[in-house]
Amino acid sequence: MTHPSPEFSHLFDLPLAERLQLVEDLWDSIVGERANEPVPERVLIELRERKARYDANPSSGVRWDEAQRRLRES
């Protein structure tokens with residue numbers, strides 16, 4: 001385990017349930033801020049291209065559980 005910054009060391013003394021709640025609250029605050037950021041154009045282009053490829057051939061898609069299985073086997 002890494003050593004916490006001195007200003008946050010007291011947080012490591014909190015009970016597990018409170019630390020988990022803190023992590024969840026922090027994560028939610030990050031997601032909330034990121035949701036307001038614009039999506040970079042290069043990402044939008046890639047998403048459009050992938051969607052067009054899928055629309056042209058829907059059977060080319062792979063279910064998420066299958067993708068995970070393949071990744072574990074590779």
Side-chain angles (χ1 to χ4, degrees):
M1 182 173 118
T2 61
H3 297 289
S5 301
E7 65 268 27
F8 300 117
S9 62
H10 66 283
L11 298 173
F12 288 79
D13 296 330
L14 292 171
L16 177 60
E18 290 181 38
R19 285 183 283 148
L20 288 170
Q21 185 62 54
L22 178 59
V23 168
E24 184 177 337
D25 293 345
L26 286 170
W27 183 254
D28 289 346
S29 74
I30 292 168
V31 170
E33 288 178 25
R34 297 294 308 248
N36 297 324
E37 291 181 14
V39 177
E41 185 64 25
R42 62 181 163 65
V43 173
L44 291 174
I45 291 168
E46 179 69 23
L47 289 172
R48 287 184 199 115
E49 290 173 358
R50 290 181 184 203
K51 173 97 169 64
R53 285 195 306 267
Y54 175 77
D55 288 343
N57 185 7
S59 65
S60 66
V62 176
R63 291 177 42 98
W64 177 236
D65 58 337
E66 175 65 14
Q68 288 176 311
R69 185 189 64 74
R70 289 181 187 182
L71 287 169
R72 282 191 293 271
E73 291 176 356
S74 63

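None of these values were measured; they are calculated from a predicted model.
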- request: Please identify each residue that fulfils side chain to side chain contact (heavy atoms under 4.5 Å, CB included) with L20, with sequence neighbours left out.
  value: L16
- prompt: Looking only at heavy atoms, which two atoms of R70 and V62 are closest? And how far apart?
  reply: NH1-CG2, 3.7 Å
query: Are Q68 and L71 close enough, and set up right, to give a side chain to side chain contact (heavy atoms under 4.5 Å, CB included), and what steps lead you there?
result: CA-CA 5 Å; Q68 288 176 311; L71 287 169; 5.5 Å; no
message: Tell me every residue that passes salt bridge (charged side-chain N to carboxylate O under 4.0 Å, His left out) with R42, counting only those two or more places apart in sequence or in another chain.
response: none
field: Qualifying residues under salt bridge (charged side-chain N to carboxylate O under 4.0 Å, His left out), relative to E33, sequence neighbours excluded
entry: none
- request: May I ask you to say whether D65 pairs ionically with R69, meaning some side-chain N is under 4.0 Å from a carboxylate O?
  value: no
Point-to-point distance, once rounded to the nearest 0.5 Å, from CZ of F8 to NE2 of H10: 8.0 Å
field: Separation between CD of Q21 and CG of D28, rounded to the nearest 0.5 Å
entry: 8.5 Å
Side-chain touch V23/L26, heavy atoms, less than 4.5 angstrom: no
